[in-house]
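Quick caveat: nothing in here was measured; it's all calculated off a predicted structure. Chain letters run A, B, ... following the sequence lines, proteins first, then strands; residues in each count from 1.
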Amino acid sequence: MRVRFAPSPTGFLHIGNARTAIINYLLAKSNNWKFILRIEDTDRERSTRESEQSILNDLSWLGIVWDEGPDKGGSYGPYRQSERFDIYREYTERLLEENNAYHCYCTPDEIETVRKKVEAENKPYECVNRCGEIGDDDKKKFELDGRKPAVRFRVSRGELITVKDYIKGNITFNSDNIGGDFIIVRSDGYPIYNYIVVLDDILMKVSHVIRGEDHLSNTPKQVLIHRALGIPVPEYAHHPLILGPDRAKLSKRHGITSVELYRKEGYLPEALVNYMALLGWATEDGAEILTFDEIVRQIDLKNIGKSASVFDFQKLRWMNGIYIRNYPVDSLVELFLPYITEAGFDPLAVEERHLKSIITAVRGSCEVLSDIKKVIGIFLSELNEPDEEADKMLKEDYSREIIILTEKLFSGSRINGENFIEGIITMIKEGTELKGKKLFMPVRAMLTGRLKGPEMDAAIPLIGFEKLRKRVEYCFNTYCRQ
RNA sequence: GUCCCCGUCGUCUAGGGGUCUAGGACACCGGGUUUUCAUCCCGGCAACAGGGGUUCGAAUCCCCUCGGGGAUGCCA
């Protein structure tokens with residue numbers, strides 16, 4: 001059995017398409033099917049090679065490995081539709097010869113006019129079929145006018161088409177309301193998706209067409225092409241779409257929608273795959289944090305939900321945080337590196353063991369990798385000047401009491417390079433009546449410049465004596481001198 | 001408008017005639033741990049869209065209404 005993912009290279013990989021890819025891939029791995037990648041680049045105006053490359057990268061990043069595809073070939077290639085035009089031409093000839101298709105000389109403008117008129121009357125548009133019956137004389141006249149014909153597929157009247165769908169069940173359409181004769185080849189000779197998807201799926205021996213629900217209403221047209229060609233239909237499964245919080249199809253205005261941006265934000269592919277698998281599907285025991293293998297073992301076409309689901313950014317974030325907390329530290333350090341650089345530090349200048357300890361201390365407060373930018377300065381900056389909230393806290397009287405006390409301890413060498421790890425908190429505690437929040441928050445603010453962050457006991461030794469001393473001095477000068 | 005799909009807590013879902021005073025997860029709220037924020041642990045809030053059937057019995061089956069989504073391209 002074989003499944004395919006067939007993106008159109010007209011931009012970045014959208015999260016919704018990524019889910020289609022993931023579902024196909026998970027199912028392929030689960031059932032031992034082949035996974036084929038096909039590039040549907042017949043939209044000449046919008047398709048680009050850069051886009052194709054970025055989609056390939058994103059799929060790889062997600063952990064998807066295709067068995068056949070444009071970059072690695074296979075027995076049913078080529079895998080780019082733009083390279084298969086000769087194949088399509090033969091079929092078009094045949095459809096034309098057998099009178100299942102005809103040349104249409106209407107111009108886009110003419111059609112547009114009719115469409116507008118019909119829409120104004122609130123009736124469904126249907127091709128007027130003018131060219132379906134014209135004779136050779138008229139054709140010659142049009143050609144003399146310099147018109148290039150498109151090819152239209154002839155839709156029979158009153159034909160019932162039942163699509164057997166694994167997820168939705170049996171759906172019956174009447175050929176009378178699928179919009180009439182539809183174009184399969186543009187006037188410039190470029191074929192249309194709806195047509196060649198049929199050809200390629202057959203030619204590439206795709207057994208299961210698993211795609212988004214937005215393709216469901218195209219399916220009867222495709223079935224009709226199968227019938228005209230006398231070839232059997234594949235198995236179909238149309239999964240529901242992902243919605244934004246307002247329940248409209250997920251789009252840019254809802255937040256980030258490209259896989260690339262998720263990667264840049266610092267989501268882990270494992271978390272993204274895990275989260276997406278759980279949209280419209282659940283395990284028997286309700287477990288949610290699942291490894292790839294666990295998902296593969298349990299997922300089944302038969303229990304994928306029928307209803308659309310709202311993409312919950314918050315839950316994804318939460319799940320990503322779980323993955324960050326459970327990741328092997330060594331690999332995690334690697335993953336964090338670019339974000340540390342982005343924060344303005346050179347991670348290579350930091351001793352590896354030290355860096356690993358820092359990551360271990362802060363991973364708990366990171367839900368996405370880029371969160372480290374907010375806390376890394378605690379360890380790598382000399383001062384890490386207090387941010388707004390910390391500044392506000394340090395201006396409080398009880399904070400000043402602690403700053404003055406600590407400054408004395410440092411300047412009088414009571415706290416020194418030898419004892420600071422155990423000493424700072426202990427001695428401050430001994431020198432004041434303050435406790436709890438009023439003790440710890442000022443200490444945290446003074447020493448780290450932030451109100452949030454890793455545990456103080458873990459942070460102090462990692463910051464180091466010199467930096468701590470400077471920070472205390474800075475706070476003393478800033479908040480305790482009149 | 002027309003065609004098609006869908007409808008369980010705010011969100012993702014479990015459930016497929018009795019075991020449902022409807023279970024889990026995120027979010028939210030409260031408590032505990034951490035003499036601190038976060039993490040972690042415990043607890044709470046919160047749903048069968050509405051109306052008709054069928055049945056001894058309906059979240060579960062049927063119909064209608066309503067609501068949402070998709071399609072309606074010489075895009076994919």
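Residue side chain Lys315(A) does not reach the base of A27(B) through any donor-acceptor N/O pair under 3.5 Å, judged by distance alone. You won't find any donor-acceptor pair under 3.5 Å spanning the side chain of Ser309(A) and the base of C12(B), going by distance alone.
Here Glu455(A) lies in heavy-atom contact (under 4.0 Å) with a base. Within 4.0 Å of Tyr275(A), counting heavy atoms only, lies no atom of the nucleic acid at all.
Taking a 6.0 Å sphere around OH of Tyr91(A), one finds it holds 12 or fewer heavy atoms contributed by other residues, nucleotides or ligands. Summarising the local packing, NZ of Lys373(A) is surrounded by more than 12 heavy atoms from other residues, nucleotides or ligands at distances under 6.0 Å. Atom NZ of Lys438(A) sits in a sparse spot, with 12 or fewer heavy atoms from other residues, nucleotides or ligands closer than 6.0 Å.
OP1 or OP2 of A76(B) has at least one side-chain nitrogen or oxygen of Arg186(A) nearer than 4.0 Å. Within the structure, every side-chain polar atom (N or O) of Arg44(A) is placed at least 4.0 Å from both OP1 and OP2 of C75(B).
Taking only side-chain atoms of Glu213(A), from C-beta outward, the nucleotide of C37(B), C5(B), C3(B) with the closest atom is C5(B). Of the candidates C37(B), G70(B), U13(B), the closest approach to any side-chain atom of Ala282(A) belongs to U13(B). Considering only side-chain atoms of Lys249(A), the nucleotide from C6(B), U36(B), G70(B) that sits closest is G70(B). The side chain of Arg247(A) has U11(B) as its nearest neighbour among A76(B), G7(B), U11(B). Checking U36(B), G7(B), U39(B) against the side-chain heavy atoms of Arg325(A) singles out U39(B) as nearest.
Going from atom CG of Asp214(A) over to atom C1' of C5(B) covers 12 Å, rounded to whole Å.
Along RNA chain B, the nucleotide nearest to Ile322(A) and the one nearest to Lys437(A) differ in position, and the one closer to the 5' end is contacted by Lys437(A). For the pair Asp188(A) and Gly364(A), both in contact range of RNA chain B, the more 5′-proximal nearest nucleotide belongs to Gly364(A).
Nucleotides C74(B) and G16(B), compared at atom P, are 46 Å apart to the nearest Å.
Proximity of the aromatic rings of Phe85(A) and Tyr190(A) is defined here by a centroid distance below 6.0 angstrom, and this criterion is met.
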